[in-house]
Amino acid sequence: MLNLKVNIGGLELKNPIMTASGTYGFGREYSEFYDLSKLGAVVVKGLTLKPREGNASPRIAETPAGILNSVGLQNPGVEAFLEHELPFLRNYDTAVIANIAGNTVDEYCLMAERLGSQVDAIELNISCPNVKEGGVAFGTKCDSVYSITKSVKSQCKVPLIVKLSPNVSDIVEIALSAEDAGADAISLINTLLGMKIDINTRKPVLANTVGGLSGPAVKPVAVRMVWQTAQAVKIPIIGMGGISSWQDAVEFLLAGANAVAIGTYNFVNPYGPINILTGIEEYMIKNNFKELNEITMK
Amino acid sequence: MLNLKVNIGGLELKNPIMTASGTYGFGREYSEFYDLSKLGAVVVKGLTLKPREGNASPRIAETPAGILNSVGLQNPGVEAFLEHELPFLRNYDTAVIANIAGNTVDEYCLMAERLGSQVDAIELNISCPNVKEGGVAFGTKCDSVYSITKSVKSQCKVPLIVKLSPNVSDIVEIALSAEDAGADAISLINTLLGMKIDINTRKPVLANTVGGLSGPAVKPVAVRMVWQTAQAVKIPIIGMGGISSWQDAVEFLLAGANAVAIGTYNFVNPYGPINILTGIEEYMIKNNFKELNEITMK
Amino acid sequence: MFSEKCEIISNEQLASKVYEMVLRTDNIARESEPGQFIHIRINGGLYPLLRRPISISRAKKEEGTITIVYHVIGQGTEEIAAMVKGEMLDVIGPLGKGFTLFEGKRCAVVGGGIGTAPLLELAHRLKNCDAYLGFKDEVYKLHEFQAVCQKTVVATENGSIGYKGFITELLEQNIKAYDVVYTCGPKPMMRRVADICMASNVECYVSMEERMGCGIGACLVCTCKVKGGDGGVHHTKVCKDGPVFNAKEVLLDA
Amino acid sequence: MFSEKCEIISNEQLASKVYEMVLRTDNIARESEPGQFIHIRINGGLYPLLRRPISISRAKKEEGTITIVYHVIGQGTEEIAAMVKGEMLDVIGPLGKGFTLFEGKRCAVVGGGIGTAPLLELAHRLKNCDAYLGFKDEVYKLHEFQAVCQKTVVATENGSIGYKGFITELLEQNIKAYDVVYTCGPKPMMRRVADICMASNVECYVSMEERMGCGIGACLVCTCKVKGGDGGVHHTKVCKDGPVFNAKEVLLDA
Ligand SMILES: Cc1cc2nc3c(=O)[nH]c(=O)nc-3n(C[C@H](O)[C@H](O)[C@H](O)COP(=O)(O)OP(=O)(O)OC[C@H]3O[C@@H](n4cnc5c(N)ncnc54)[C@H](O)[C@@H]3O)c2cc1C
Ligand SMILES: Cc1cc2nc3c(=O)[nH]c(=O)nc-3n(C[C@H](O)[C@H](O)[C@H](O)COP(=O)(O)OP(=O)(O)OC[C@H]3O[C@@H](n4cnc5c(N)ncnc54)[C@H](O)[C@@H]3O)c2cc1C
Ligand SMILES: Cc1cc2nc3c(=O)[nH]c(=O)nc-3n(C[C@H](O)[C@H](O)[C@H](O)COP(=O)(O)O)c2cc1C
Ligand SMILES: Cc1cc2nc3c(=O)[nH]c(=O)nc-3n(C[C@H](O)[C@H](O)[C@H](O)COP(=O)(O)O)c2cc1C
Ligand code: FES
Ligand code: FES
């Protein structure tokens, strides 16, 4: 029997397959394709204290092997999430992780408090490149990563995952700051800041000018950051960035990730996470692995 | 008549098409395909004071829409360059730009001194991710960018171009440091640090574990950095990162680059730079542009 | 909503850069409503990465087929155009909210260019609507509209066929004849149609286009602006809450 | 060195996953030397990004054609295998330094698997060499070697054809019969061949493989280690200074 269970900072998942925040809504749409209970965890769209309308359209642009998005954290707010979305997700036997973003440390703390232990873990989004507040500003300096993590941790009744930005000079020092401040796990990477210009209109394609790059194009950067971080921290790592096949997922596990999240690939293949899970199982059988943590570098 | 001339910090180029350092050797190989005099400039392989053997093989890995390389600055050293390579390049009516890397500020200065005014400009490579010394360490902190630029500038008899690393939290503050220290131009981007793991051997594909990501995959990041930097600095910008068509080149010019360099695409299409030049000319004619600097955002 | 690999029954050129493809898919043919679309994965790979949204132009339940009519714009549609009978196309559909149908109303469909395509299935369902079709120069699918519509008028910008000028000019002259107008085409055209309807108090439905990610409502990249009950402006999903909106509710400005 | 789009004259399967392609190219056929290779752009696009190096197996000057024999490994070779007669293949070639030929020497070519392919042109030029061909199970191009070589011996790992075991075992028994041995195949095999030659003081040339970027000597990503005149070890380009090296000079360790 294969054992795919994995413990993410105190949260036990039945398998290491998660969905990446913002690519999966609140799970409703993909539940029409397969049973969400098959997933290790659903990470919901980034939540803010109050509802947000997000940025103007166009919000997406295609790039070589990637996409840029500038949704700008459109979401119904924490209250509406708890009232309308969480009950739906609770119909399934999967962990629910709330991704949260705020304008101030206080807002993050208020959200963590309000969510209490109604969700299974909180993912601190201090790396969204698409909003001025509540975003990447918190995520690129060690001291602010430390202080926001510390503050939220003190309000947090469930495991706290800190989601890091790849737009930094040294991912390791940022990850260590989060770990020192009490983070239970780290997830990386969020999107790389990018831009695309339409040479016919001679204007940026995105209404917001810049956006976040995701998809296969960023995978080598993500694998490198997971690997570097895994050498340095003791807490578990959730790896993501361009995963589009079980082979990609295994690459992240080899790099040192304890679990993986599927983002952009959901748009390409709605069965993505399920197919990847199956592929990992087959890889383990072929290699005679019984436990997930046998997938390590030689 | 089209005017494609462009002035890069005092160096006049007949057109904005350059070759990216390290992808073009010393021009010999590509001179078998076309007349190098057609190019605005040839930027030669990164030079060090003494010859270097570089890293072990494999040094290249293919990634989605990109490549990772870890050459590690293999080169014959400044003396051999001056003796054997420069004379060959001087057969052509194109600017020759020496890309230099050192272990210490002193080494950089010695090289600038030795090169004197034998080359048309010097590109300061403080962003090579493939060697511990002489590389990215200088390029990710404002104060070290400032001091190395300042020191080399004082030895430099030709325009000094500072080549920036994209592996930073804030490209603008780095660019401003270079400008403040007297850089005559900026080029960006060098490669993004990345990694690939072979899931069959369960080892990194590159002997050096990590390498520099280039090619179409990085283009959105490069365009964004050029655009951000162009808003902030007054000195000219040489844009590069994934340029693989004249459309890509125009995108960089729109973002604010004054010239562009073709790197990885040379491997795909040996006529790349020439085809791109022709494409830009046709685009200008179609849009009724006479001068290169009419290619700007609306 | 189904995710399927559908057999291509035919893929033929209708005009320069315009193609028509027939796909075998019992499920999508059975469930689709006029105005809905499918989301097409270009090939088995990741280049290009995103699916392409294309409206369903006809859905034949009995035959288990759907038809799409598409304009070749860039890499995605180029690759679709290069596919041949017998190959399989990976699609998700039917997607989105289509046109709202009313009993016993006098209806017109107003299409511009490739925007005429999704109106064909609608015209079939409405049975005796009038069709206003505007094109730049080349005209396609005219006979099918004529076969099913009460009246079919055509305008081309260069006057090669029908009225020379914009189709909206013909609509305006006849607007009083209708209770409901359905439109699909370039935004400026739809804006003009909406204005004409507004001026005469005619209900108007427009089919919006936005760049899409998931196509199913999960990623929020495809939003357009709608007026909320609260008087404010909200961002709503074109892929799920649209692509068809009541012209009174949606902002056609941008 | 030419950069050309060459017409595919044929592309046929020789064994499971092994294909042979004939290309029309006067230029490359005329200039190529045994042991050289071409660098293939997989399709007009950027996915996959890099060209693939494949050795020239035959070059027929009079007919203006070259032949390659290749193993399907990943995406690149898969796409080459899917191409058909009449399509155009974008190649650069001939590239690299091939095998050094000597007058009046007794020669053997020793190939392993797909490494037999580049030895075929060499065998033609050498005229009366002996061929030692090792395969895993399936054997291909045997008749062509037999037609041109003095003696052709075959070994398969499973014994399905010829000697059961490694071809190097047969070489070792006969090594005294040769002055020069040329080898191409998996590194462990070439290392063994080099050792056998060294022990008997036979000249040995090996054809190296490394991952490539430009393929023409400009990017320095394809280096292998060679012993310098100074006694030190240097990195040299497989694409330009090789792929063929004297076994005494190149390090076959890694
Ligand atoms: C709901 C809906 C229904 C549509 N129905 C049809 C139809 O029936 N026939 C038809 O010809 N076209 C239709 N379109 C437009 C069609 O989706 C685009 O022309 C197509 O995606 C272009 O892809 P490309 O790769 O050829 O072009 P590229 O310009 O290379 O595409 C680049 C990216 O931009 C997106 N994009 C480009 N143009 C549009 C556009 N107008 N709308 C949305 N995304 C775009 C592409 O999907 C892709 O992600 C529809 C669009 C939407 C949103
Ligand atoms: C000088 C030379 C001559 C060659 N001659 C032949 C030949 O005649 N017949 C033949 O079948 N193969 C030959 N090879 C090996 C052939 O290049 C690879 O099998 C091929 O590139 C694999 O590409 P892929 O996309 O199918 O595999 P993938 O594994 O998907 O390729 C991924 C990347 O790795 C590179 N790569 C993978 N394997 C090799 C390899 N063994 N050597 C170099 N690069 C590799 C690819 O070029 C590509 O950049 C030769 C290699 C070299 C260097
Ligand atoms: C459309 C879109 C919306 C996203 N929204 C969020 C978000 O709300 N919060 C967050 O932490 N990350 C968000 N992300 C980032 C993803 O969760 C993920 O970190 C990133 O896309 C890299 O993974 P991928 O390449 O598999 O998509 C978003 C990504 C996309 C493409
Ligand atoms: C094989 C290789 C070697 C490189 N060597 C150097 C170098 O020596 N010095 C340098 O400044 N940049 C070097 N670069 C970086 C390129 O000059 C360029 O900045 C980068 O590749 C992005 O451009 P591209 O995507 O067009 O290749 C190298 C890149 C590659 C692919
Ligand atoms: S395209 Fe994802 S919500 Fe509409
Ligand atoms: S592949 Fe570029 S030098 Fe050999």
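Letters A, B, ... are given to chains in the order of the sequence lines, protein chains preceding strands, and every chain is numbered from 1. Since the structure is predicted, the reported quantities are computational estimates derived from the model, not experimental observations.
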Looking only at atom types and distance, does a side-chain atom of B/Ser57 sit under 3.5 Å from a main-chain N or O of D/Cys222, one as donor and one as acceptor?
no
Tell me whether D/Arg51 is salt-bridged to B/Glu62, with the criterion being a basic N under 4.0 Å from an acidic carboxylate O.
no
Checking the side chain of B/Arg59 only, and the main-chain atoms of D/Leu220 only, is there a donor and an acceptor separated by less than 3.5 Å?
yes
So for B/Thr264, is it side chain, backbone, both, or neither that comes closer than 4.5 Å to the heavy atoms of chain D?
side chain
Please state whether the side chain, the backbone, both or neither of D/Val233 comes within less than 4.5 Å of a heavy atom of chain B.
backbone
Are more than 12 heavy atoms from other residues, nucleotides or ligands located less than 6.0 Å from atom NZ of D/Lys227?
yes
Among D/Ile42, D/Asp90, D/Leu46, D/Leu50, the residue with the most heavy-atom pairs under 4.5 Å to chain B is D/Leu50
With a 4.5 angstrom heavy-atom cut-off, is it the side chain or the backbone of D/Arg211 that approaches chain B, or both, or neither?
both
Given the rule in the side chain to side chain contact (heavy atoms under 4.5 Å, CB included) test, do B/Asn269 and D/Arg41 qualify, once you have shown the distances and angles that lead to the verdict?
CA-CA 8 Å; B/Asn269 176 2; D/Arg41 186 167 177 188; 4.1 Å; yes
How close do B/Phe33 and D/Phe2 get, heavy atom to heavy atom, and via which atoms?
CE2-C, 4.4 Å
Heavy atoms of other groups near D/Lys5 NZ, more than 12 under 6.0 Å:
no
So does D/His235 get a backbone contact from the side chain of B/Glu53, meaning a donor-acceptor N/O pair under 3.5 Å?
yes
Any side-chain heavy atom of D/Met212 sitting closer than 4.5 Å to one from B/Ile60?
no
Working for side chain to side chain contact (heavy atoms under 4.5 Å, CB included), residues B/Phe267 and D/Leu49
CA-CA 9 Å; B/Phe267 308 164; D/Leu49 190 60; over 6 Å; no
Ordered numerically, the heavy-atom neighbours of chain D under 4.5 Å found in residues 23-31 of chain B are B/Thr23, B/Tyr24, B/Gly25, B/Glu29, B/Tyr30
